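Data first, discussion second: the structure below is written as structure tokens.
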Amino acid sequence: MTTTAKRHPLIPVAPPEVLHGFYTPQEIVTLFGVVREHGPWRLVLAHHFASAEEYLATSGGRDRKQDARLSDFTAPVFRGYFAREAAVIHDEVRDLYFSRKLLEPVLRLHNARYGMPLNLLFNLGGPSHSFDAGHFDSSTWRGMTVVNTPVWLLSVMSKSGLFDAWEVKSGQVITYFCPSDVGGGFTYWPDGPDLPPQRSAAPFDNTAILSDNSHMYHRREANGPHERRDTTELTMTSSLSSHGDDAWVVRNGDREIERFSHRESRSLFHYTALAFDDLADMTRYLDHTDDLTSDKVFEILVADLKTRGIRFSEPSDPMADREFVALLTDTYAMAPRNYPAEAPLDVHAARP
């Protein structure tokens with residue numbers, strides 16, 4: 001009798017593929033134009049996490065401090081959305097968002113027949129450390145998506161391996177711009193977090209990576225001169241705005257706390273699309289005939305905890321119970337073991 005080992009839940013369907021010169025010059029002008037003309041923009045972490053426990057469910061590393069705070073992982077990297085699902089927030093990118101140019105690479109990644117865009121966003125920051133121990137993008141499940149579900153819970157669902165029957169395939173086209181070669185690379189674990197990583201080194205100039213990031217740990221590497229990487233006054237409410245044609249300003253309220261030139265920046269445009277094998281697969285998603293609910297998810301997770309013999313008190317509000325979030329994080333813990341010598345993991349200095 002032969003047995004088949006279960007595939008690790010965080011190994012991508014295929015290794016990342018580099019696509020050079022992905023956007024046209026006019027598309028680049030349009031994308032950066034939206035970032036400059038709108039805003040101010042919020043920190044990446046401020047979009048998705050309300051506590052350290054929620055963050056650690058997604059990107060905690062193996063040596064998490066028991067007294068960790070969300071601020072321990074905060075770097076001056078900011079995010080904004082161009083479009084989410086079928087809603088285009090900035091009309092300048094409408095045609096690009098719905099283009100075959102973006103969708104077809106994702107269909108090819110999964111050898112899928114049908115697909116639809118999920119979102120298009122950007123990240124932009126100046127010289128900074130990287131306190132991200134490695135994370136993976138949120139998966140989409142029938143009935144449970146990043147639109148209606150906290151990122152931390154989507155991450156727990158992925159790591160648990162209990163919800164594969166409801167998962168929707170997805171893929172990303174992430175296009176990088178980083179003029180400097182002082183750090184700024186992209187580390188990724190295509191063979192799973194327990195095996196050595198690979199990396200793409202900066203500089204990047206319109207360099208796209210096609211990937212299955214919902215099933216692959218990856219991280220932004222620290223970038224810029226070492227003496228410029230500390231933004232000591234950064235808070236969860238800090239914001240980013242453009243200043244003229246070649247500068248970016250970080251503010252706390254109306255007060256400027258940091259400024260960097262465009263050449264010192266590291267930015268990316270991040271597109272995600274869903275992919276479906278056939279019409280029945282897509283129809284099941286659109287018609288909501290086999291959806292998960294948060295109640296069903298917690299029922300499955302609680303049952304699994306009990307099967308594992310873990311003693312705990314069932315929370316009345318599992319979405320907001322920090323102790324329960326921490327329990328799920330510890331139960332389904334996994335994180336990268338190794339980092340490239342050229343891009344070690346940064347750690348905040350000890351608090352007084």
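Every heavy atom of this structure was used, including side-chain atoms; hydrogens, water molecules and symmetry mates were not. Keep in mind it's a predicted model, so treat the numbers as computed, not measured.
- When every heavy atom of A273 is checked against every heavy atom of L103, the shortest pair comes out as CB-CD1, 3.7 Å.
- In terms of the salt bridge (charged side-chain N to carboxylate O under 4.0 Å, His left out) criterion, E342 has no residue partners (sequence neighbours excluded).
- Looking only at distances, a side-chain donor or acceptor of R266 sits under 3.5 Å from a matching main-chain atom of G184.
- Although no hydrogens or angles enter the test, the distance criterion places a donor-acceptor pair under 3.5 Å between the side chain of S265 and the main chain of H262.
- Judged by distance alone, the side chain of H110 and the main-chain N or O of K169 form no donor-acceptor pair under 3.5 Å.
- Although no hydrogens or angles enter the test, the distance criterion places a donor-acceptor pair under 3.5 Å between the side chain of R36 and the main chain of G244.
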Stepwise ring-ring contact (aromatic ring centres under 6.0 Å, His included) test for W189 and Y339: CA-CA 9 Å; W189 285 261; Y339 299 87; 5.6 Å; yes
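- In this structure, V29 is not a member of the same hydrophobic cluster as F269, with clusters built from ILVMFWY side-chain heavy atoms closer than 4.5 Å.
- Linking ILVMFWY side-chain heavy atoms closer than 4.5 Å, directly or via other members, places M144 and Y332 in a single hydrophobic cluster.
- A donor-acceptor contact under 3.5 angstrom links the side chains of N213 and S211, judged on distance only.
- Among all heavy-atom pairs drawn from R229 and A222, the shortest one is NH1-CB, 3.5 Å.
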For a side-chain contact (heavy atoms from CB on, under 4.5 Å) check, start with the C-alpha distance between S241 and R251, then their side-chain angles and the critical distance, and finish with the verdict. CA-CA 8 Å; S241 300; R251 292 187 173 92; 3.7 Å; yes
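- Take R263 and apply the side-chain contact (heavy atoms from CB on, under 4.5 Å) test, not counting sequence neighbours, and it matches P179, S261.
- Using cut-offs of 30° and 60° for the angle between ring planes, the F298 and F324 rings count as tilted.
- Under the ring-ring contact (aromatic ring centres under 6.0 Å, His included) criterion, F186 pairs with Y176, Y188, H218, sequence neighbours left out.
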For residues 17-26, which side-chain donor-acceptor pairs fall under 3.5 Å, sequence neighbours excluded?
unit_1, atom_1, unit_2, atom_2, d
E17, OE1, R108, NH1, 2.9
T24, OG1, E27, N, 3.1
T24, OG1, E27, OE1, 3.4
Q26, NE2, T30, OG1, 3.4

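- Panel note: side chain R79, backbone L124; no donor-acceptor pair is recorded below 3.5 Å.
- Under the side chain to side chain donor-acceptor pair (under 3.5 Å) criterion, D291 pairs with H288, not counting sequence neighbours.
- Remark: the backbone N or O of L162 is paired with a side-chain donor or acceptor of S160 at under 3.5 angstrom.
- Aromatic pair W248/F78: centroids not less than 6.0 angstrom apart.
- Here the closest non-hydrogen pair linking G80 and W41 is CA-CE3, 3.6 Å.
- Scanning for side-chain contact (heavy atoms from CB on, under 4.5 Å) contacts around R284 gives R142, D281, T289, D290, with sequence neighbours left out.
- For NE2 of H226, the number of neighbouring non-hydrogen atoms (other residues, nucleotides, ligands) closer than 6.0 Å is 12 at most.
- Side-chain contact of R84 with N119: a donor-acceptor pair under 3.5 Å is absent, judged by distance alone.
- Residues D137 and H270 bring a donor and an acceptor atom of their side chains to less than 3.5 Å of each other.
- Remark: D321 pairs with no residue by the salt bridge (charged side-chain N to carboxylate O under 4.0 Å, His left out) rule, at least two apart or across chains.
- Atom CD of E323 has 12 or fewer heavy atoms from other residues, nucleotides or ligands within 6.0 Å.
- Scanning all heavy atoms of the two residues, the minimum distance from A50 to E54 falls at N-OE1, 3.0 Å.
- The ring pair (Phe, Tyr, Trp, His ring centres under 6.0 Å) contacts involving residues 136-155 comprise F136-Y217, where partners must be two or more places apart or lie in separate chains.
- When the side chains of ILVMFWY residues are joined at heavy-atom separations under 4.5 Å, either directly or via intervening members, L153 and V151 end up in a single hydrophobic cluster.
- For the 3.5 Å distance criterion, the side chains of R219 and S130 qualify, holding a donor opposite an acceptor.
- When the shell of 6.0 Å around CZ of R308 is examined, it contains more than 12 heavy atoms from other residues, nucleotides or ligands.
- When the side-chain contact (heavy atoms from CB on, under 4.5 Å) test is applied to R255, the partners found at least two apart in sequence or on another chain are E233, N252, I257.
- Every residue two or more places apart in sequence or in another chain was checked for a salt bridge (charged side-chain N to carboxylate O under 4.0 Å, His left out) with D245, and none qualifies.
- Contacts classified as ring pair (Phe, Tyr, Trp, His ring centres under 6.0 Å) and involving residues 87-109 (residues at least two apart or in different chains) are given here: H38-H90.
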Taking it one step at a time, do E53 and L56 satisfy side-chain contact (heavy atoms from CB on, under 4.5 Å)? CA-CA 5 Å; E53 289 81 5; L56 292 171; 5.7 Å; no
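- Note that the CZ atom of F204 and the OG1 atom of T175 stand 11.5 Å from one another [nearest 0.5 Å].
- Members clustered with F276: Y114, M116, L118, V168, L274, L279, M282, Y285, L286, by chain and number, using a 4.5 Å side-chain heavy-atom cutoff among hydrophobic residues.
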Hey, mind stepping through Q172 and S214 against side-chain contact (heavy atoms from CB on, under 4.5 Å) and telling me if it holds? CA-CA 9 Å; Q172 291 73 34; S214 295; 3.8 Å; yes
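- Between E264 and R259 no salt bridge is recorded (no basic side-chain N to carboxylate O distance below 4.0 Å).
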One pair to check against side-chain contact (heavy atoms from CB on, under 4.5 Å): V302 and K306. What are the steps and the verdict? CA-CA 6 Å; V302 165; K306 292 179 178 178; 3.7 Å; yes
